[in-house]
> 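Okay, handing you the structure first.
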Amino acid sequence: MDIPKTYDPKQAEASHYARWEEEGCFAPEINKDAQAPVYSIVIPPPNVTGSLHMGHALQHTLMDVLTRHKRMCGYRTLWLPGMDHAGISTQLVVTRELKKQGLSRHDLGREKFIERVWQWKHESGGQILAQMRREGASVDWSRERFTMDEGLSRAVREVFVRLYDEGHIYRGDRIVNWCPNDQTVLSDLEVDKVPQAGKLYYLRYPLKDQNGNDGGEQRALTVATTRPETMLGDTAVAVNPEDERYRELIGATLLLPLVGREIPIVADEFVDPEFGTGAVKVTPAHDPNDYEMGVRHNLAQVVVIDRDARMTEAAGEGFHGLDRYKARDKVVQEFEALGLLEKVVDYEFSISKCERCKTVIEPLISTQWFCKMDQMRDLALELMTKRKTPQFVPEVPYEKVYTTWLENLRDWTISRQLWWGHQIPAWYSADDIVIVARSEAEARTKLSNIERLTDAKRQELRDKFLKSGDVLRFDVIQREQEREWLMQDPDVLDTWFSSALWPFSTLGWPDETADLKTFYPTSVLVTARDILSLWVSRMVMTGMKFMDREPFAFVFVTGTILDKQGQRMSKTRLNGVDPLDVFEKYGVDATRLVLASIGSTDTRWNDNQVESYRNFANKIWNAARFCLLNSEGAKVSENAFTKESSQLALHDRWILSRLNRTARDVHNAIENYQFHEAVQTLYHFFWDDFCDWYIELTKAEVTAEEASPERDVARTRLISILEQALRLLHPFMPYITEELWQRLPGVDESLLHPAYKGAHATIMLTRFPPGDAALIDERAETEMQAVIDLISRVRNIRSEMNIKPGERLTLIVNSQDENLRGVYEASRDQIARIARASDIKIGEGLTVPRAAARAILVGGAEVCVPLEGLIDFAQETARLNRELEKLQKEAGTLEKQLANPQFVERAPAEKVNELRERLDDIARRTGTLRQTLEALK
RNA sequence: GCCCGCUUGGCUCAGUGGUAGAGCACUCGCUUCACACGCGAGGGGUCAAUGGUUCGAAUCCAUUAGCGGGCACCA
């Protein structure tokens, strides 16, 4: 048999995925058990423009571990993959491509541009899905979805129409976040607040002289602003009604400098008298708070900044056409020239920037579509209050973040001025009737049912349109000839509108499909925390509204992967680690173990960790290599331990116990999303228990030269334990486990979980070892521990005494405990082999030569290694005295605690007994030690 | 400003009301016939500080400091 000494991950990674996929192992249909419980996960759809980063790899690993584990437990599993059309990013990518050819999207026109985006999607989009195959993600590719698919688009229209018909969606003029670069509105969540060092300008607005007398010192009111250019659109100054300084001025009139407009001084609670001068300039058209004040005081809205962030005609002769920042400088200069600039102070404030292009947002009044969230919000909050669903993992802090966010929810701006996305299913008739429908045909039907307007009314509306042509952002006049024309709203919906429906739209909603019935609600959502409000909460709200069920019971929130300095990995910082590079260097399985260990904690990325798991993979490889090199006559069996377990040798009972305990613990850890614990448990079981001890303990039997039934039995047990261990590792390390499993003798379809009858043999469809409590053998573990302790102490003596590794020793083991002696006796050969002893004497009160190194064992037993000529008696006495001291100190603490009546009275009896037992053991050991020291004198 | 989290050996991180853990790094010894990506044996932490609750606190509570996150405001 030819097995390389070092594991080559690439070879395994190239071999198995395609076969799993071709044989349909990922699809729920592979499960033939009609009664099988269902487990489903929908992937957080990555952007079609995206490529794999560590955050994805982390999420995907966790989802894959969960899915593979449940699949091996016999569940009908579905992990549904797909992508998000990512409105703005995608449009930008394609626009950039066009630009290289000297074209703008307007050159192509909307229809051609969208065709072009689809073409781009087919050619270069969805790179990330190919990368997911490398990760080993066991997703059902036959159910892949895209948010712009016809089915999902239909769901979007359906939801829009229903929400509109119920009055939750409306259209109106509001102050919105406008990105002058992307030329679209953004929701509050798509805006970053960035702290910035800026200036606060104190501007003086002269009071209009009531007497018409210009003489004497002009009285003025000073306002403070960070955006002087907006003063051109001021229509009032506000002060707090309680502010003594300005009380008399309320109702007075100011003369707005540079513009000459007369503006009132109004009183408004919003104004904080402590800030600035306590007087606020009010620009209703360019600031959200001023907008609100404008509504309260019925102020005019003067638009002075346009969609390109340039000054409008209304800004006045000298400013029209200027960029907003040029205008700022000019305003300041002119105020200074007029002596109206009181002062300029440094001031740090937050500025709103577009999340994507980092352009400074311009608040503008604009006609947009909005979605009222109150009803859906209440549904989600009720779900949390009454049923504590979804359950967040970890619960702290996410449940609170989620709930607080919901409680403070405001209307959602859902329209976007883009071409790529779901076009809003609203049509306008020539006579300004808005029709929301699932299709243009339905819109026409609806329109025909509406009582039409008189010609006079139409004419009036047409005139209105002509005057404020911008309102609907399309040319009414040209198209108005035909009475029956309908124009669809040119805007598209926020990308998150379609993602909000993802858990049910992907399963076929609004049709009542079999998939929808089977897989909704899904089992768990695994996601990053930054889209908790953007996405997670909205899925809950739409799920409750349209499905009447929560979309998922659990939300697992992954940690953030940071760089070595503790900074977030980001494209702009260029500090990201590419998962594909890590796969290349250390292998996918090793990387997956690191990611699984990260789970929900924020972690600084460190290649060392991957390296250590790469070593672990190699350890698995070599353990398997040993088993395979000694596998003649053996065959993997699920019933390798058929003898009554009491008749099995200690090391067999022990490994069986360890295996089942590990299986149980790993199963529980995965069920409770304790991925780190699962990995640790597996690591130590495989390396410490299986490799370091079991293989060594069974080595003699397994490597016997002569073939014999005993050898076959030992080999079968060894390889069967290995097979079970590989199954336990499989959800975390799919490639190496499959690679090795396929090489084991005797693996075939008969090992598959009964639910997968008829499938080809693969480890991914075997049964996950259930962890049989009946096979967890406390006694075997305790007894084995005694043997391990004995061997370790002898090794310690070898090391401390500098005894050559090849040197064979004589061991004298004294114990008053008959059972313990029996245990040592039964393991005599193994102890001799592993501790490298030529002779072992086991007894009670055996004489020990004075020249011997000694160690005290559990239960007060003593092991002595006669070392004629090597013992420095003074040194040995000192060493043993140190140990005695340590024991006495510990005994002291325990005695003190046990002497405390309050402890004995109040602590649980179990605890008290435990302490007593420990004290007894220490007493036994101390006794032995004292005798030993006596003998040395 | 409000809310929340974190602070454990040199590094990255687990953990828990009842004797401080892992991996890496470090020291010593090993070509022991699966593995030097290895084997064996070690050293190293008063679990951020202070105060409290408790028979018992690294673990629970309060305060402080440092770091991080979320939300709001910023004229």
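From a predicted model like this one, the values you see are computed outputs, not experimental measurements. Reminder, nothing fancy here: chain letters follow the sequence lines and each chain counts from 1.
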> What does Thr277(A) touch in the nucleic acid at a heavy-atom separation under 4.0 angstrom: a base, only the sugar-phosphate, or nothing?
nothing

> Answer with base, sugar-phosphate or nothing: what part of the nucleic acid does Pro908(A) contact at a heavy-atom distance below 4.0 Å?
base

> Do any side-chain nitrogens or oxygens of Arg614(A) fall under 4.0 Å of OP1 or OP2 in C37(B)?
no

> Check whether any side-chain nitrogen or oxygen of Lys804(A) sits under 4.0 Å from OP1 or OP2 of U32(B), and answer yes or no.
no

> Would you kindly check if the NZ (Lys) or CZ (Arg) of Arg377(A) is within the cone defined by 45 degrees around the ring axis of Trp405(A) and under 6.0 Å from the six-membered ring centre?
no

> Ring centroids only, cut at 6.0 angstrom: are Tyr613(A) and Tyr586(A) within range, meaning strictly under it?
no

> Using a 4.0 Å heavy-atom cut-off, does Arg227(A) contact any base of the nucleic acid, only the sugar-phosphate backbone, or nothing at all?
nothing

> At under 4.0 Å between heavy atoms, what does Tyr613(A) touch on the DNA or RNA strands: base, sugar-phosphate, or nothing?
nothing

> Write down the partner of G51(B) under the Watson-Crick or G-U wobble criteria, each distance required to be under 3.5 Å.
C61(B)

> Does Lys343(A) make a cation-pi contact with Tyr202(A) (under 6.0 Å, within 45 degrees of the axis)?
yes

> Using a cut-off of 4.0 Å on non-hydrogen atoms, how would the nucleic acid contact of Glu905(A) be classed: base, sugar-phosphate, or nothing?
nothing

> Choosing from A34(B), G18(B), C37(B), which nucleotide comes nearest the side chain of Glu696(A)?
A34(B)

> Hey, is the side chain of Lys619(A) pairing donor to acceptor with the base of C35(B) inside 3.5 Å?
yes

> How close or far is atom P of C4(B) from atom CZ of Arg529(A), stated in whole angstroms?
17 Å

> Evaluate the criterion ring-ring contact (aromatic ring centres under 6.0 Å, His included) for residue pair Phe616(A) and Tyr7(A); output intermediate values, then yes/no.
CA-CA 10 Å; Phe616(A) 179 50; Tyr7(A) 170 55; over 10 Å; no

> Across all strands shown, which nucleotide pairs with C35(B) by Watson-Crick or G-U wobble geometry, both distances under 3.5 Å?
none

> Under a 4.5 Å cut-off applied to non-hydrogen side-chain atoms, are Leu867(A) and Ile803(A) in contact?
yes

> For the side chain of Asn618(A), counting heavy atoms from C-beta on, which of C35(B), C73(B), C24(B) is nearest?
C35(B)

> Are Arg793(A) and Glu883(A) ion-paired here, with the side-chain N under 4.0 Å from a carboxylate O?
yes

> By the 4.0 Å heavy-atom rule, please label Thr603(A) as base, sugar-phosphate, or nothing.
sugar-phosphate

> The side chain of Arg625(A) lies closest to which of these nucleotides: G23(B), G70(B), C35(B)?
C35(B)

> How is Asp692(A) classified with respect to the nucleic acid when contacts are heavy atoms under 4.0 Å: base, sugar-phosphate, or nothing?
sugar-phosphate

> Of the candidate nucleotides C13(B), U12(B), G15(B), which contains the atom at the shortest distance from the side chain of His676(A)?
C13(B)

> Considering every strand and a 4.0 Å limit on heavy-atom distances, what is the contact class for Asp272(A): base, sugar-phosphate, or nothing?
base

> Can you tell me which nucleotide in G18(B), G40(B), U19(B) comes closest to the side chain of Gln897(A)?
G18(B)

> With a 3.5 angstrom cut-off on both distances, give the Watson-Crick or G-U wobble partner of C71(B), or none if there isn't one.
G1(B)

> Heavy atoms from C-beta onward define the side chain here; which of C35(B), U32(B), U12(B) lies closest to that of Arg836(A)?
U32(B)

> Kindly say whether the aromatic ring centers of Phe686(A) and Phe690(A) come within a distance under 6.0 Å.
yes

> Just to confirm, is there a sub-4.0 Å distance from OP1 or OP2 of G42(B) to any side-chain nitrogen or oxygen of Asn796(A)?
yes

> Counting the atoms with a prime plus P, OP1 and OP2 as sugar-phosphate, which does Tyr683(A) contact under 4.0 Å by heavy atoms, base, sugar-phosphate, or nothing?
sugar-phosphate

> Suppose we define a pair by two distances each less than 3.5 Å, Watson-Crick or G-U wobble; what does U19(B) pair with here?
none

> From C-beta outward on Phe903(A), which listed nucleotide comes closest to its side chain: C37(B), C35(B), G18(B)?
G18(B)

> Side chain of Pro805(A): nearest nucleotide among U12(B), U32(B), A34(B)?
U32(B)

> Assign Cys627(A) to base, sugar-phosphate, or nothing according to its heavy-atom contacts below 4.0 angstrom with the strands shown.
nothing

> Both Lys911(A) and Lys281(A) contact RNA chain B. Which one's nearest nucleotide lies toward the 5' end?
Lys911(A)

> From C-beta outward on Ile695(A), which listed nucleotide comes closest to its side chain: G40(B), A34(B), G15(B)?
A34(B)

> Check whether any side-chain N or O of Asn622(A) sits under 4.0 Å from OP1 or OP2 of G38(B), and answer yes or no.
no

> What is the ring orientation for Phe675(A) with Phe556(A), classed by angle as parallel under 30°, tilted 30 to 60°, or perpendicular over 60°?
perpendicular

> Below 4.0 angstrom from OP1 or OP2 of G69(B), is there any side-chain N or O of Trp405(A)?
no

> For the side chain of Tyr347(A), counting heavy atoms from C-beta on, which of G40(B), G69(B), C74(B) is nearest?
C74(B)

> Have a look at Val271(A) and say if it touches a base, only the backbone sugar-phosphate, or nothing, with a 4.0 Å heavy-atom cut-off.
base

> Need to verify one output field. Residue with the more 5' nearest nucleotide on RNA chain B, Arg604(A) or Arg410(A)?
Arg604(A)

